[in-house]
Structures are given as C-alpha cells and as structure tokens.
Amino acid sequence: MRIRNRSVFLGPSLYAHFPVIRLELDLGVLEAWPTVRLGAGFIDGLVAALPGLDEHGCSYREPGGFVRRLREDEGTWLGHVLEHVAIELQNVAGADVTFGKTRGTGEPGVYSVVYEYMQKDEGLEAGELAMRLLTSLLPAELQTAGILPDGWEWSSARDEFIRFAQRRALGPSTSAIVAAAQARDIPWMRLNDHSLVQLGYGKYQQRIQATVTGKTSHIAVELAGDKDETNQILGALGLPVPRQELVQTEEMALRAARRIGYPVVTKPYNGNHGRGISIRLMNDDEVLAGFHLAQAVSRSVIVETFVPGDDHRLLVINGELVAATRRTPGHVIGDGHHDIAQLVEIVNADPRRGVGHEKVLTRLELDAQALTMLERVGYTSASVPAVDEVVYLRSTGNLSTGGTATDVTDIIHPDNRDMAVRAVQAIGLDVGGVDFLTENIAESYKSDGGGICEVNAAPGFRMHVAPSEGVARDVAGPVVDMLFPPGSPSRVPIAAVTGTNGKTTTARMLAHITKMAGYTPGLTTTDGVYIDGQRTVEGDMTGPVSTRMVLADPHIDMAVLEVARGGLLRAGMGVPYVDVGAVLNVAADHLGMKGIDTLDQLAEVKRIVAEVARDCAVLNADDPMVLKMAAYTDAATICYVTTNPQHPLVREHIRAGGRACALEAGINGQMITLYDKGSHIPLLWTHLVPATLEGRAMHNVQNAMFAAAMAFSMGIKLDAIRQGLRTFDTTFFQAPGRMNVFAEHPFKVIFDYAHNAHAVGAMADLAQRMEVGGRRIVVVAGPGDRRDEDLRAIADAVAGRFDHYICRRDDNLRGRDGDEVPRILAKALFAQGVDEAQVSIINEEQAAIDAALRMSEPGDLVLIFADALVRSWKQVIKFQPEAETSAPPRLEVPVTAEAANESTPTSLADYEDLVRDERGVRLAREEND
C-alpha cells in the first residue's frame with residue numbers, strides 16, 4: 001500500500017465545492033484483503049485507536065454506519081478506510097470536517113481517496129498518519145516496508161499529530177472571529193502560517209491577528225505591554241490598581257517588597273499567558289525566588305501589592321463589556337484515597353481536556369512549576385490530600401496551563417463593568433481584557449475592594465466562548481460588527497470566465513468595461529495579474545493563487561478572473577463562489593493530459609465555474625456541451641448567449657422573461673442585443689467594436705457578447721458597457737497575442753496565440769473574411785504536449801485557406817523531437833490536398849516568422865500563430881523588408897510529401913533561395929493576371 005500522488009484543492013474542484021485533498025492510493029496486494037478478510041482483530045484495533053469512528057455514518061447516514069460497513073458482507077477496501085481515518089484524525093485534532101469520497105480509478109487496486117481539510121499541512125499529515133495506523137494494524141506479512149518508522153507507537157504519534165495540527169491551526173480566538181465572520185457571510189483568507197487573517201475582499205478588507213485588529217492602536221498595544229506605565233495611567237484616573245515598582249536587581253526587588261509591604265506579587269515586565277508570575281510572596285526568600293522566575297521571562301520585573309480575591313478577566317470590545325469570567329488555576333481536589341499524581345490522571349480523563357487548545361480544557365501537567373507549587377505547601381506528587389482539599393498546581397488561572405473558567409457576565413456589578421470599560425478606553429484599545437482581582441465580582445470595587453492587575457491587548461477568547469462552567473458568550477461577533485458595521489460591504493463583485501478559447505479576451509474586455517464604469521478592477525489572465533490596468537505580476541495567473549493576489553489587494557473593488565483548465569485540475573478555484581460565472585465553449589484542447597481524455601470530461605471541469613456562480617451563469621447556447629450546464633448551476637439567473645437569433649431554446653427563455661444576449665441582423669449590420677425580464681435592449685452594432693475588425697472577427701463578436709452579458713449581470717450601466725466595448729481594441733498593449741493587427745508594413749500581419757484547432761480555425765475564418773489584394777500566408781504550430789490527432793486537427797483547420805504554409809515548432813519541445821511537430825503538421829496539410837510547393841518547414845519560431853515576413857509583398861496578409869509573444873511581436877514590428885539577417889537560423893524545407901518524414905537541413909543559401917522563389921512565384925502570378 002502506497003500513496004502515488006497528492007493534490008491539494010484550495011476551493012471548488014471536480015471533487016467538492018470546498019477544500020479537499022486527493023490521494024491516489026495503490027493498495028497493491030491489499031486489493032485482495034477487504035476488512036472482513038483482515039478480521040475482527042484489525043477492525044477492533046482500528047476502533048480502539050480511534051473511537052470516534054463509531055460515530056461515522058458513511059453510506060448508512062447514521063452513527064455506527066461506517067463500522068457496520070467494516071464488518072458486514074465483504075467489508076470495505078482500505079482506500080475507503082483510509083478516507084475515514086484521515087477525517088477522524090482531523091476531528092481528534094479539533095478540525096470539524098466530515099466529507100470524504102473514495103472511488104476506483106479504473107486501474108486495479110488504485111483508488112482516488114478524497115477528504116475534506118481545514119488546514120493543508122494538517123490534512124496532508126492526517127493522510128500520512130492514517131497510512132501508518134492502518135499499516136500497524138495489518139499482519140506483518142502484509143505490511144509495506146518503510147511505512148512505519150522504528151519504534152513507532154500509536155498514542156505518541158496521535159498526540160504529536162495533535163500538537164502538529166495545533167501549531168498550524170488558527171488559535172481559538174482567531175477561529176472564533178473567523179466563524180463569526182462566516183456567519184455574517186463575510187469572506188476570509190489566511191495571510192500567513194499563523195494568525196494573520198484578512199476578512200473581506202479588496203478595498204473592503206479588514207485584518208486581524210488573533211484579537212488585534214487593523215483598528216487597534218499601536219500606541220495602545222505598547223502601553224498595555226508596559227505594565228508600569230499602565231498602572232500609572234489607571235491610577236491617575238482613580239481606578240483601583242495595586243501599588244507597584246519596577247526593579248532590575250535582587251536588591252531592588254527586596255527593597256520594593258519591604259516598601260510595599262508583604263504579601264507581594266512578582267511578575268515579568270512584559271510577560272503574558274501567566275508566565276513567570278508568583279503570587280502571595282510572604283518573605284524575602286520567596287521574593288528572590290519569584291524575582292528570578294520573572295526575570296527568566298523579562299529583564300525587568302514588577303513587584304506589586306498582593307490583592308486577595310479571585311482572578312477575573314473582563315473583556316471590553318468597542319467600548320462595551322461583553323463578557324466576564326472567573327479564572328481558577330489548575331488544581332486537583334483530594335478524596336482521601338488517591339495521591340496527587342493519580343488525581344491529575346483522573347482530572348485529565350475528563351473528555352473536555354486535551355492537548356493544548358485541542359479541547360475546551362487543557363490537560364494538567366506535573367511539571368517543574370507544579371512541583372514548586374506542591375513544595376510550597378509541603379506536598380509531593382505522591383502526597384494524598386484530604387477529602388475536598390484543593391491543591392493548586394499553578395499560581396495563575398490561564399486556561400493554557402490547565403485552569404478553568406466560569407462565566408460571571410450576568411452577575412458583574414455595574415460599577416465593575418464601568419471600571420473595566422474606563423480602563424480599556426484609558427489605554428486606547430478597541431479590544432482589551434482587564435485582569436481584575438476581587439473577592440466578589442457581584443459587589444462594587446468601591447465597597448468590596450479589588451484591583452486591576454493588567455490591561456491586556458490581544459486578550460484570548462477561549463475562556464469566554466467555551467467556559468468550563470456557565471454560559472458561552474459570543475465575544476467574536478462584536479469584533480466583526482465593529483470591523484463591519486451591519487449593512488457595510490465586505491465583498492467585491494467577482495466574475496469568472498472559462499472556456500477552451502476566448503476567455504483571455506473576454507476577461508480583458510470585461511475588466512476594461514468595469515474600468516470605464518469607474519471601478520478599480522483586479523484581473524487574472526494567462527499572462528499576469530493586472531490591478532487597475534497595470535500588470536503587477538507576470539506569468540500564467542489563472543489559478544487560485546492569483547485569485548488570492550487580486551482579492552488581497554486593498555485597491556480593487558471588482559475582480560475579473562480568467563479560470564483555466566490547468567488551475568482547476570491542479571488546485572481548484574480560489575474562491576468558494578463567484579457572483580457571475582461564464583462558460584464560453586468546450587473544444588478539444590489538452591486532451592489526454594491530467595486524466596482528461598474526452599470532451600465530456602473537459603466539460604465537467606469547465607462546468608465548475610457555472611456550478612459556483614451565485615447570481616448569474618452566462619452560458620453559450622450555441623455550444624451543446626455548455627448548454628447542458630444549465631442543469632448544474634444554482635445561480636439565481638441564467639443568461640444565454642447566442643449568435644443565432646432563431647435559437648428555439650433561447651427564444652422560449654426570453655419569452656419566459658429570462659436573460660439573454662443575442663446577435664440580431666439589422667439594416668446597418670449586426671446588433672448585440674440584450675433581453676431581460678421582457679425588455680429588449682439593443683446595445684451596440686458589432687462594427688463599432690474595434691476588437692471585431694468591423695464585425696469580421698466573429699469569435700471576438702462572441703467574446704464581446706459574453707463581456708456585455710457579464711457586465712450587465714453585474715449591474716454595470718448600459719452606457720458604460722457600450723463605452724467599454726467601443727474603446728477596447730486588440731492592440732498588443734491591450735490584448736497581447738489576441739488577434740493583434742500590424743498594418744505598418746506594405747502587407748498586413750495578424751498575430752495570435754491560438755494553439756488548438758478550434759481557436760486556429762476561428763482565426764483562419766477571419767483571414768478568409770478579410771479583403772486581401774495579394775496572397776494569404778500562415779505560420780502555424782502546435783504545442784508539443786498535444787496528441788498527434790490534435791496537431792493534425794490544427795493543420796486541418798488552416799488547410800485550403802492559405803497560399804503558403806510555414807510549419808514550425810515552439811521553443812519548448814515538451815517531449816517531442818526537434819522537428820516532429822512541424823512535420824506532423826506538414827503531413828496533415830498534404831493529406832488535405834495542399835500542394836507540396838505551398839508548404840515549408842522552418843523549425844525555429846524566429847526563423848519561421850522572418851521567412852513569412854520576407855516572402856510577403858504589398859497587399860498580402862500574414863497570419864502568425866506565435867508562442868513567445870513579446871519576442872515575436874517585436875520581431876514583427878521591427879521588421880525591415882530589405883534588411884539582411886545577421887545570423888539567420890538554419891532552415892529545414894521538405895520539398896515533397898515524402899521529405900516531410902525525414903529531417904533535411906539546408907544552408908543559408910537555401911533559406912534565401914526559398915524567399916526568392918516565393919517572390920518569383922508572386923511576380924509570375926501578377927504578370928499572368
């Protein structure tokens with residue numbers, strides 16, 4: 001049994017609309033060993049290791065269902081078992097995950113194991129630990145070598161996994177705030193591996209780090225950390241604070257304690273979580289011991305008056321006390337029979353106690369600090385306390401050291417409530433915790449005494465959201481309401497567009513429209529991330545990482561996402577849903593890669609964008625595969641796009657009040673028209689859209705229709721849509737590699753990145769529609785990682801439409817031989833009846849483009865399918881027809897169909913002869929005409 005591959009999906013994918021991990025698991029010989037054959041020992045051992053598995057419903061959808069599957073009939077296979085174990089391990093570590101799905105891949109013994117996760121590293125480690133646990137339960141002869149480390153032991157591995165998960169998980173306070181945000185439909189993103197979280201998107205975002213918010217004053221945090229300064233500020237306002245002094249030496253500590261008067265407290269100047277605090281120190285020796293304990297945390301130490309009473313945490317948020325909790329240090333209660341070590345074990349048996357922040361309470365530890373506390377009262381771990389005797393193992397009530405918390409919010413005296421609010425406001429915190437000692441929180445400090453020990457920035461929420469006793473308080477909600485007052489926005493509109501072809505141009509069009517409408521768009525495309533029209537990151541940015549880049553940018557108020565097949569298969573989408581999702585088309589491209597072998601499978605991948613559209617799904621009604629996606633979306637509205645004004649389904653949709661974008665013929669040409677709720681809205685003549693080359697480029701007419709439909713569905717005004725379409729052109733600056741036209745030479749060049757048969761065919765159609773006085777020349781190629789039939793389809797898409805064909809390859813061979821791709825293309829052209837004299841093979845892209853440009857004459861049209869866009873575009877615009885090339889690349893030219901099967905290098909003279917011959921053919925033709 002081994003894991004072949006691991007994939008982490010950050011958002012909606014083929015497997016779920018939320019984050020999941022997929023393991024490709026090869027069972028090997030264990031394919032013949034379902035759980036029933038492994039026997040009761042294996043099953044019982046598994047349930048004993050993870051008792052929570054008994055709560056898994058599995059296909060029975062009731063507690064105990066999974067264990068029934070293990071025992072009944074033929075049992076179940078270990079891929080399915082690993083799925084449940086990985087889920088339960090995360091549950092044990094505190095993550096609330098439930099989803100899993102295991103299916104065969106079609107290869108015997110190999111399974112696709114998919115399960116939900118909350119934190120990536122934890123989820124992956126859960127899969128690894130699940131493998132080790134299952135292996136440990138197998139008979140020795142069935143165990144895969146290398147899975148179990150030497151000395152591996154389950155209980156230790158489980159506890160280490162819990163600690164591992166907690167080190168990477170959001171803390172209790174951050175988790176509470178995130179949950180409160182989610183309850184208000186406010187999105188969130190984790191910005192680092194700790195507690196820095198962004199709530200909201202784009203310009204509406206707010207940030208938190210634990211309970212410090214973007215609105216928390218830096219000065220206030222500094223003051224709260226300066227206990228001496230805090231004491232002076234609060235004392236000056238007449239608030240109850242103990243007398244205290246700041247010391248750095250033993251002598252200073254002793255003098256301060258004597259001046260203040262015993263008993264005293266020593267604590268670090270800038271400590272937290274109760275570290276280094278010693279209370280009720282009665283003499284010089286204890287003060288010295290407390291001083292050294294505190295100095296291990298902080299160079300400076302505070303000596304202050306000991307205030308008797310219980311420790312209370314009073315939580316103030318945005319000027320209001322929202323919770324009060326009495327904290328009791330970790331302790332055991334004697335029964336007259338068990339010693340202290342045994343009592344600790346009894347306390348830790350409480351199911352509410354776990355490792356770290358795993359559960360409501362933390363386990364007690366008999367560590368050095370606990371033994372010191374016992375020594376003070378004359379006990380050891382072997383001592384047996386009397387019945388009902390309370391023995392403290394800690395001096396402070398922090399939950400992280402095993403303390404307990406009791407909610408007292410409902411009984412706090414109004415004076416104490418006001419005192420806490422005044423203290424936090426005096427320091428200047430938006431979220432602050434007041435540590436207040438008093439005998440009775442229900443009595444006013446004015447009559448009953450008490451004192452403020454500290455005011456804490458970043459106060460923990462755990463004791464309030466999950467108290468040991470009393471009512472749990474919603475303390476995270478007020479933080480979120482402070483950051484996002486009810487009614488205020490937290491999201492930016494998000495549009496996503498996918499399809500085999502046209503998605504980059506459509507996304508650019510839509511981003512341009514939104515900019516013309518006054519928005520600041522963030523755009524992800526195949527060539528980079530753009531913020532307000534400026535490229536900030538270069539490269540293929542169509543996956544979830546680039547989506548997060550855009551949504552994390554504090555300037556944008558609109559997001560336009562180009563979503564590609566590769567990103568969806570590799571890591572899913574970067575957001576749980578979008579407002580508007582569009583699917584342009586589904587055509588053969590990248591088939592045979594990453595498990596996608598058919599158009600139906602490719603359509604299922606593209607369909608994800610429609611599935612997660614919330615407000616509107618914009619679908620191509622002229623593409624049957626896209627049309628079927630209407631059955632899979634939960635969007636409030638479906639908008640169909642069609643270039644066929646007689647489309648029967650769209651006609652019925654419009655008559656029923658539905659939304660559509662149609663292309664209608666008029667006396668002045670073709671009109672892009674919108675329909676919605678019975679309204680007929682003529683938008684714009686296609687010849688007025690520069691990107692359509694006066695309506696000739698039908699693929700860009702369709703792209704413009706999609707951009708218009710998406711913009712309309714996002715609430716952008718009609719005039720802004722018209723203005724956006726009328727000012728968007730296909731210059732290289734605005735849409736690199738997307739039907740760029742260069743007309744500064746005596747001949748015209750069309751430059752495009754098309755790299756599949758569908759896109760190449762669309763450009764070939766455009767070349768046919770263009771009025772050309774001379775010849776049509778094409779430079780054609782195909783990516784090396786495409787199937788032979790895909791390359792042949794590219795050749796078929798141009799065959800018979802041009803006067804000369806130059807076949808080339810990309811710089812990146814992607815596993816092909818040096819001239820394999822151009823020769824496949826040439827052979828396919830010959831098979832389509834193209835004359836051998838019309839076809840040349842020039843391997844290198846630069847040489848191929850140069851040859852096409854040099855053989856062109858006034859009035860010709862050159863269509864170049866390019867790969868290295870910037871380099872090749874510069875080559876086009878800087879071309880000098882009469883200039884000699886300083887070092888022209890070697891040319892390979894098959895002169896017959898048979899020669900296309902073999903590589904025949906030619907010389908520079910042959911290269912120049914080719915150009916002369918082509919010009920001679922041209923001149924001869926002109927003379928004959």
Side-chain angles (χ1 to χ4, degrees), residues 1-7 13-16 20-92 97-117 123-148 152 154 157-158 161 595 597 601 604:
M1 181 169 60
R2 65 186 180 93
I3 297 174
R4 285 183 176 180
N5 293 298
R6 300 164 181 80
S7 300
S13 65
L14 280 171
Y15 307 103
V20 294
I21 287 171
R22 177 184 179 271
L23 306 178
E24 186 178 289
L25 181 68
D26 185 354
L27 292 184
V29 296
L30 290 171
E31 172 69 2
W33 289 83
T35 53
V36 166
R37 187 180 179 192
L38 288 171
F42 173 86
I43 298 171
D44 293 343
L46 179 63
V47 177
L50 290 171
L53 289 174
D54 204 33
E55 297 299 314
H56 290 214
C58 199
S59 56
Y60 290 101
R61 301 186 183 278
E62 61 182 17
F66 173 63
V67 176
R68 285 176 61 189
R69 284 286 305 275
L70 295 175
R71 300 183 188 277
E72 287 184 352
D73 301 325
E74 62 181 3
T76 190
W77 275 256
L78 290 189
H80 182 211
V81 178
L82 187 143
E83 165 209 322
H84 279 269
V85 171
I87 291 170
E88 182 57 24
L89 281 169
Q90 294 179 82
N91 292 162
V92 168
V97 295
T98 59
F99 173 81
K101 178 169 61 177
T102 299
R103 298 289 185 272
T105 63
E107 182 180 352
V110 180
Y111 292 83
S112 171
V113 180
V114 176
Y115 57 90
E116 186 181 1
Y117 73 92
L124 289 171
E125 184 61 25
E128 297 291 337
L129 183 54
M131 279 278 292
R132 291 191 284 271
L133 174 59
L134 295 182
T135 300
S136 72
L137 297 171
L138 292 172
E141 63 272 16
L142 294 179
Q143 293 184 4
T144 302
I147 299 294
L148 292 178
W152 187 85
W154 163 243
R158 177 199 60 210
F161 170 73
D597 302 313
Q601 291 174 322
E604 188 178 358

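When a residue number appears, it is its place in the shown sequence, counting from 1. Here the structure is a predicted model, which means the values were calculated and not measured.
Here CG of L133 is found 5.0 Å from CH2 of W152. Values are rounded to the nearest 0.5 Å. Annotation: the span from T35 atom OG1 to E72 atom CD amounts to 10.5 Å, rounded to 0.5 Å. E128 CD to L82 CG: the interatomic distance, rounded to the nearest 0.5 Å, is 9.5 Å. Atom-to-atom distance recorded for L46:CG and H84:NE2 is 10.5 Å, nearest 0.5 angstrom. Going from atom CG of D26 over to atom CD1 of I3 covers 11.0 Å, rounded to the nearest 0.5 Å. Note that the CZ atom of R4 and the CG atom of L23 stand 13.0 Å from one another [nearest 0.5 Å].
W154 places a side-chain heavy atom less than 4.5 Å from the side chain of L129. Put simply, the side chain of Y117 does not reach to within 4.5 Å of the side chain of L124, judged on heavy atoms. Contact annotation: the side chain of V85 never approaches that of Y115 to less than 4.5 Å [non-hydrogen atoms, C-beta and beyond]. In this structure the side chain of L38 reaches within 4.5 angstrom of the side chain of P139, judged on heavy atoms.
Between H80 and F66, the ring planes are perpendicular. Angles over 60° get that label, and only those under 30° would be called parallel.
For R132 and E125, the salt-bridge test passes: some basic side-chain N is under 4.0 Å from an acidic carboxylate O.
Looking at N91, its side chain does come within 3.5 Å of a backbone N or O of V97 through a donor-acceptor pair.
Counted by atom type alone, T144 and R2 present zero donor-acceptor pairs between their side chains at under 3.5 Å.
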